[in-house]
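Everything numeric in this text was worked out from a predicted model, so none of it was measured.
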Amino acid sequence: MIRKIFKFIFKVILWFFGLSIGSTILFKFIPVPFTPLMFIRTFEQISTGEKVVWKHDWISIDEMPINIQKAVIASEDGKFTSHNGFDFDAIEKAYKNNQKGKRVKGGSTISQQTAKNVFLWPGRSFIRKGFEAYFTVLIELIWGKERIMEVYLNSIEMGNGIYGIEAASEHWFGKKAENLSKNEAAAIAAILPNPRVYKAKNSSGYINRRKNAISRQMNLYPKPDYNK
């Protein structure tokens, strides 16, 4: 009996590694059609009787303005092009501040956020964090920085039922992503901590201050070099 259990566990582990590595290789070359969060949000909208909104238009990174790439780096992960998936200084700082009860953003990098959005479910459990670390290593090794940025900007939530920069640009500013100005890109990056509550247009004072800070920080970043 014990032998059968171990054999079953071994097969499950093999299947997990095979499927996870296979799907990561597949998504290196094809667009990610949907994410677990998209289904979760849709279910939430249906269960509460809200109008179902699901807007997601994939574009290549060549169609994305440098402004939005610099904006999310400035806002979310200043060391994106230089780290290997994890910013341990940011993680340590977030941990210490959380221990003190301060309200701060987490230490997750763009790579970690991408791994979570594409492959996992929302949550803060140690098990999910473990899977997140595993998939972060996978995409860093298999995709590389440019593909991670491309998937990130095509997949993350940027409004209620709005996923990816093309849909967000159309939703918030009525234009294609390639035509976003610097301030518009900063405005979208500014709402990422809670895109279903904050607005990129006609924003609150708090978001306007974040937008202005991100816009200033963007001046410090050159065009991202994803081949470092």
Side-chain angles (χ1 to χ4, degrees), residues 1-47 54 56-61 72 76-77 79-92 94-95 98 105-158 161 163-165 167 192-193 195-196 226-228:
M1 183 66 179
I2 294 177
R3 187 176 179 180
K4 287 184 178 180
I5 292 173
F6 277 110
K7 190 175 181 180
F8 173 76
I9 293 172
F10 181 70
K11 286 183 177 179
V12 169
I13 292 172
L14 282 181
W15 272 103
F16 170 73
F17 281 115
L19 289 173
S20 60
I21 294 171
S23 60
T24 304
I25 293 172
L26 182 66
F27 288 142
K28 177 179 174 66
F29 302 104
I30 70 168
V32 178
F34 50 79
T35 67
L37 183 63
M38 293 178 190
F39 284 110
I40 291 170
R41 294 296 190 229
T42 300
F43 177 78
E44 290 173 349
Q45 290 170 346
I46 293 172
S47 63
W54 182 333
H56 178 223
D57 301 306
W58 183 279
I59 59 173
S60 74
I61 196 166
V72 295
E76 299 294 301
D77 184 2
K79 298 180 181 178
F80 173 66
T81 58
S82 60
H83 63 59
N84 294 316
F86 306 92
D87 184 347
F88 293 104
D89 290 336
I91 292 171
E92 182 180 5
Y95 174 78
N98 287 334
K105 70 176 184 178
S108 293
T109 63
I110 285 174
S111 301
Q112 289 174 272
Q113 292 177 47
T114 305
K116 176 188 71 176
N117 273 283
V118 173
F119 298 104
L120 301 170
W121 63 95
R124 296 181 178 274
S125 70
F126 287 112
I127 292 175
R128 197 201 62 78
K129 278 292 184 184
F131 281 125
E132 179 185 298
Y134 167 74
F135 279 106
T136 298
V137 172
L138 274 189
I139 65 175
E140 282 280 339
L141 289 173
I142 296 173
W143 290 359
K145 294 294 186 181
E146 185 173 54
R147 180 60 174 176
I148 291 172
M149 178 60 76
E150 183 175 50
V151 174
Y152 174 78
L153 284 174
N154 270 301
S155 303
I156 59 170
E157 192 174 34
M158 293 183 169
Y163 307 98
I165 189 57
L192 294 184
R196 293 197 297 162
Y226 299 120
N227 299 311
K228 287 184 178 180

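Counting heavy-atom neighbours within 6.0 Å of Ile127 CD1, excluding the residue itself, gives a total of 12 or less.
Residues Ser111 and Glu140 have side chains that bring a donor and an acceptor to within less than 3.5 angstrom of each other. No side-chain donor-acceptor contact under 3.5 Å links His56 and Asn154.
Side chain of Lys28 to backbone of Ile142: a donor-acceptor contact under 3.5 angstrom is found. Remark: the backbone N or O of Ile110 is paired with a side-chain donor or acceptor of Asp77 at under 3.5 angstrom. Of the possible donor and acceptor atoms, none in the side chain of Arg41 sits under 3.5 Å from a partner among the backbone N and O of Glu157. The closest donor-acceptor contact from the side chain of Thr24 to the backbone of Ile139 lies at 3.5 Å or more, if one exists at all.
Counting heavy atoms from C-beta on, the side chains of Thr114 and Ser155 never come closer than 4.5 Å.
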**Report entry** Pair Glu44-Arg196, salt bridge (charged side-chain N to carboxylate O under 4.0 Å, His left out): steps then yes or no
**Finding:** CA-CA 13 Å; Glu44 290 173 349; Arg196 293 197 297 162; 3.5 Å; yes
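Remark: aromatic rings of Phe119 and Phe131 are distant, center separation not under 6.0 Å.
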Report, one line per pair, each donor and acceptor closer than 3.5 Å where one atom sits in a side chain of residues 5-20; sequence neighbours left out.
from  : atom 1 : to     : atom 2 : distance (Å)
Ser20 : OG     : Phe16  : O      : 2.8
Ser20 : OG     : Phe17  : O      : 3.1
Ser20 : OG     : Tyr134 : OH     : 2.7

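A cation-pi contact links Lys145 to Phe80, judged by a cut-off of 6.0 Å to the six-membered ring centre and 45° from its axis.
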